[in-house]
Structure formats: structure tokens, C-alpha cells
Amino acid sequence: MNEQPAIRHNLMGLDQAGLEAFFLDLGEKRFRARQLMQWIHQHGVLEFEEMTNLGKALRTRLAEVAEVRPPRVVLRKHSRDGTRKWLLQLDGGGAVETVFIPETDRGTLCVSSQVGCALDCSFCSTAQQGLSRNMTAAEIIGQLWLVRQELLAETGDPRAVSNVVLMGMGEPLLNFTQVLPCLRLMLDDYAYGLSRRRVTLSTAGVVPAMDRLRAECDVALAVSLHAPDDALRDELVPINRKFPVAELMDACRRYVQGRNQKTHITFEYVMLDGVNDQPAQARALVKLLQGVPAKVNLIPFNPFPGTAYRCSPPEVIGQFQDILHHHGVRTITRRTRGDDIDAACGQLVGRVTGRARRLRRVSDAAGVATA
Ligand code: SAH
């Protein structure tokens with residue numbers, strides 16, 4: 001009888017280099033990596049037995065030492081506006097969410113990178129949960145695998161997900177090792193083949209990792225700025241105490257340096273009533289962004305239970321945007337999407353973990369092991 005190794009390697013999370021190393025280890029040729037990437041990420045095949053160009057012996061060997069396992073869906077929700085949300089149960093009991101936002105000219109998937117978050121931004125509900133653990137590469141890319149497969153089955157369109165943003169739960173640059181192979185898979189023509197403009201990583205400003213990202217895989221970058229000066233940003237985004245605004249802006253300049261003219265950085269700015277939404281702050285923001293190819297996304301604050309912040313009134317957001325426009329800063333105000341299913345920015349976790357806990361209780365009660 002064949003003995004199964006205790007842990008089988010989940011090949012879902014390996015990029016081309018990782019798969020090549022894996023196959024060389026097995027005494028196989030490098031080109032197997034590309035074949036496997038196509039089977040998994042393009043054909044959506046999970047069973048080695050169905051990977052017909054691999055040869056019987058290799059398929060048997062793979063089934064012994066490896067697996068291709070996507071995350072487990074415990075809940076799917078549809079919003080009235082077309083936004084959709086998947087709640088995923090991870091090994092060890094954690095839960096994360098993935099959100100798909102359809103628009104006329106694109107379909108954007110918002111992907112999580114950590115279970116919880118260590119950064120403690122004062123206006124973010126994920127912060128309240130703290131960090132449980134980093135997600136594995138298989139769990140991160142598994143979100144794209146899963147949604148692509150489901151939308152393909154429904155619509156017949158393999159490109160229904162045209163854009164990916166790492167803007168869900170967690171700080172992707174504090175899980176660099178697991179995030180990097182996922183970015184590479186997203187760009188790889190043998191996997192998802194997205195252009196680097198259509199893959200955006202959002203960071204609260206982990207400066208050294210921004211330089212590393214630029215060197216290793218320079219996808220589009222979004223920076224969660226939220227305040228134009230250190231005093232306020234220290235309060236809203238505490239990692240600012242380690243990497244203050246001036247250092248962050250230098251890192252942004254380095255990120256776009258030597259890149260094509262069209263490259264810009266997206267600066268996210270959550271609109272908090274009476275906190276960061278004053279005209280003087282808009283002018284300070286204009287000054288800060290001088291010389292940086294920038295687009296600003298004003299995000300209406302999404303309140304969650306227990307927060308003392310309120311969203312700025314629409315006319316205040318309008319005035320803030322006008323000042324930026326007047327000074328030539330490209331600015332949009334993001335629409336809140338999927339708020340009837342708690343899919344909006346910063347709402348993913350609090351209620352999700354509450355719900356995951358409830359789900360766990362339900363399944364515990366039903367005698368189903370979840371951890
Ligand atoms: N850690 C990364 C990515 C996750 S947060 C980052 O900080 O960029 C994704 C975006 O949602 C960030 O811009 C974040 O500031 C914003 N966000 C968090 N909580 C929010 C809330 N309650 N309302 C609106 N936007 C929020």
C-alpha cells in the first residue's frame with residue numbers, strides 16, 4: 001500500500017520558477033512547469049489524472065506527493081449592484097473574503113493577502129482583529145483561480161476578471177514572500193496573462209518592500225495615504241511612525257522612476273468627516289504630490305460598529321476634489337459598491353469574522369470539523 005506523506009505540496013501557489021524547482025527535484029524536465037501552470041490556471045484542472053500530456057507515471061507520482069487545492073467557499077453573496085463576495089474558510093480556522101466588482105469596461109477582483117492585519121489603521125475594521133497569520137501563496141492566488149472558474153462557468157468568459165487589486169484584508173507587502181509568486185502568476189502568459197497595469201498592489205507604505213517590489217515585479221502601485229502630514233498620518237496609519245510621509249513620497253518617486261510616461265501611482269485617501277477633509281489639507285496634498293505622477297482616489301469612509309469616525313458629507317468631498325482638480329491633480333471619488341452585502345472597503349473583516357465564528361459554531365454544532 002502506498003503511504004501518503006502527511007503534507008502534500010499544494011502546487012496552486014507555485015509560480016514558474018517554483019514549479020521548475022519542484023519538477024527538477026522530482027527528476028523531471030523544466031518544461032513541465034508550463035504544462036502544469038496551463039492545466040491549473042487556464043484549464044482549471046485540479047486532478048493530475050486529467051492532465052493528459054504529463055504521462056501516466058508522472059501523474060501517479062504527482063498524486064502521491066502533491067495536490068492542487070483551491071480555498072473552500074463557505075458563503076457566496078450577490079449585491080443588488082452586481083458586486084459579489086465569497087467567504088473562504090482557510091486551514092486552521094481563519095476566514096477571508098474576496099470581492100468581485102463588475103463595471104462596464106472591466107471586472108475587478110479584490111484579493112486578501114493576510115488573515116487580519118497588523119497595521120492598526122484607526123479607520124479600518126480589519127485592524128480590530130489584529131493579525132492571525134499570513135496567507136499562503138496557494139490561498140492568495142486561489143482566490144483568483146476560484147472566481148475565474150466560477151465566472152467562466154457562468155458567462156463563458158475566461159477574462160471576466162480583467163483586473164486584480166490586492167486591496168482586501170491585510171498588508172500585502174508584509175507578506176511579500178507569498179504575494180510575489182502570485183503576482184508573477186497573474187502576469188504569466190501560461191497562467192492568467194494580465195498586463196502589469198491591470199494588477200495593482202495596495203500598501204499602507206512599507207517603504208523597503210516598495211523598492212523590492214519595484215525590482216522584482218513592478219505591478220501598478222496604490223498607496224494608502226489618507227493624510228498629507230506626519231502628525232495626522234501617524235494617528236491614522238501608524239506605520240507612518242516608522243516610514244514618515246517624506247520617505248514614503250521618495251519611495252513613490254523611485255517606484256515610477258525610469259518607467260514609461262503613463263505610469264502613475266494611485267493615492268488612496270479615505271474621507272473622514274472633520275479629520276482629513278479640510279481645504280487646507282487638500283492644498284497640502286497638492287503640494288505633497290508635486291512632481292509625482294499621481295492619481296488620487298477619494299474613498300467615502302465606510303463606517304463599522306464601534307468606530308467614532310463619520311464619512312465626510314458629499315459636498316465636502318466635492319470641494320476637496322475641486323481643489324485637487326483646480327491644481328491639476330487627477331482625482332476620482334470612488335463609489336461605494338456592494339454595501340448591501342458588506343463588501344465595501346474596510347468592511348470585510350469585522351462582520352466576516354463574526355459571521356465566520358457563527359458559521360463555525362453552526363458547523364461545530366452539526367459535528368463538522370472546520371479547523
Ligand atoms: N493594507 C493595504 C491594503 C488593504 S486596505 C493598504 O493599506 O493599502 C485597502 C484600502 O481600503 C486602503 O486604502 C484602506 O485605507 C481602505 N480602507 C480601510 N478601511 C476603510 C474604511 N472603513 N472605509 C473606507 N476605506 C477603507
Side-chain angles (χ1 to χ4, degrees), residues 110 113 117-127 165-168 170-174 200-211 213-214 219-257 263-302 309 311-312 316-317 319-334 336 344-346:
C110 181
S113 58
C117 188
L119 288 187
D120 210 22
C121 299
S122 61
F123 54 88
C124 179
S125 73
T126 308
V165 294
L166 275 100
M167 252 180 224
E171 168 51 51
L173 290 186
L174 290 180
T200 302
L201 182 144
S202 178
T203 180
V206 187
V207 164
M210 289 165 66
D211 289 318
L213 183 68
R214 173 70 167 89
V219 294
L221 189 67
V223 171
S224 293
L225 191 59
H226 307 312
D229 60 81
D230 283 324
L232 182 58
R233 196 163 190 274
D234 280 353
E235 198 183 301
L236 300 180
V237 186
I239 197 178
N240 193 70
R241 295 176 202 152
K242 207 160 172 189
F243 306 113
V245 173
E247 281 182 33
L248 176 59
M249 297 312 293
D250 282 345
C252 290
R253 278 184 271 269
R254 289 195 297 276
Y255 199 86
V256 293
Q257 203 170 31
T263 310
H264 65 270
I265 289 181
T266 302
F267 290 92
E268 291 155 285
Y269 198 99
V270 62
M271 297 303 287
L272 303 168
D273 186 22
V275 175
N276 65 354
D277 61 355
Q278 299 302 300
Q281 289 161 320
R283 289 191 290 273
L285 184 56
V286 169
K287 214 166 149 209
L288 190 65
L289 296 180
Q290 260 167 17
V292 184
K295 279 188 189 166
V296 173
N297 269 2
L298 301 179
I299 313 172
F301 170 64
N302 283 300
Y309 293 114
C311 183
S312 312
V316 172
I317 299 180
Q319 206 178 29
F320 198 94
Q321 177 163 359
D322 286 346
I323 296 172
L324 295 177
H325 275 164
H326 180 75
H327 289 89
V329 179
R330 285 177 295 175
T331 309
I332 59 151
T333 300
R334 223 196 264 163
T336 299
C345 266

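Model, not experiment: these values are computed from the prediction. What's counted below: heavy atoms across the whole structure, side chains too, no hydrogens, waters or symmetry copies.
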Can you give me the closest heavy-atom contact between [X] and [Y], atom names plus distance?
X	Y	answer
His226	Phe123	CD2-CZ, 3.3 Å
Ile332	Gln321	CA-NE2, 4.0 Å
His325	Thr331	NE2-O, 3.1 Å
Gln278	Phe320	O-CE1, 3.7 Å
Ser312	Asp277	OG-OD2, 2.9 Å
Thr126	Cys117	CG2-CB, 3.7 Å

Treating [X] as the side-chain partner and [Y] as the backbone partner, does any N or O pair qualify as donor plus acceptor under 3.5 Å?
X	Y	value
Glu268	Ile299	no
His327	Arg283	no
Gln281	Val275	yes
Tyr255	Leu213	no

Sub-4.5 Å side-chain heavy-atom contact between [X] and [Y]:
X	Y	answer
Val219	Thr200	no
Met271	Thr333	no
Phe243	Leu248	no
Val206	Ile239	yes
Leu119	Leu174	yes

Answer yes or no: is there an ion pair linking Arg214 with Asp211, defined by an N-O contact shorter than 4.0 Å?
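Salt bridge: no.
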Tell me, with the steps shown, if Arg253 and Gln257 meet side chain to side chain contact (heavy atoms under 4.5 Å, CB included).
CA-CA 6 Å; Arg253 278 184 271 269; Gln257 203 170 31; over 6 Å; no
Separation between [atom1] of [X] and [atom2] of [Y], rounded to the nearest 0.5 Å:
X	Y	atom1	atom2	answer
Leu324	Lys295	CG	NZ	14.5 Å
Gln319	His326	CD	NE2	13.0 Å
Leu166	Cys110	CG	SG	8.0 Å
Thr266	Asn297	OG1	CG	6.0 Å
Cys124	Phe301	SG	CZ	9.0 Å
Ile317	Leu298	CD1	CG	7.0 Å

Return all side-chain donor-acceptor pairs below 3.5 angstrom for residues 229-237, not counting sequence neighbours, or 'none' if the list is empty.
residue, atom, partner, partner atom, Å
Asp229, OD1, Ala231, N, 3.2
Asp229, OD1, Leu232, N, 2.9
Asp230, OD1, Asn240, ND2, 2.9
Asp230, OD1, Val245, N, 2.9
Arg233, NE, Leu225, O, 2.8
Arg233, NH1, Asn240, OD1, 2.8
Arg233, NH2, Ala204, O, 2.8
Arg233, NH2, Ser224, O, 2.7
Asp234, OD1, Asn240, ND2, 2.8

With sequence neighbours excluded, what pairs up with Val256 under the side-chain contact (heavy atoms from CB on, under 4.5 Å) test?
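Testing Val256 for side-chain contact (heavy atoms from CB on, under 4.5 Å), a comparison that skips the adjacent residues, returns Thr263, Ile265, Pro293.
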Can you find a side-chain donor-acceptor pair between Glu171 and Ser113 that sits under 3.5 Å?
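Absent: no donor and acceptor within the cut-off.
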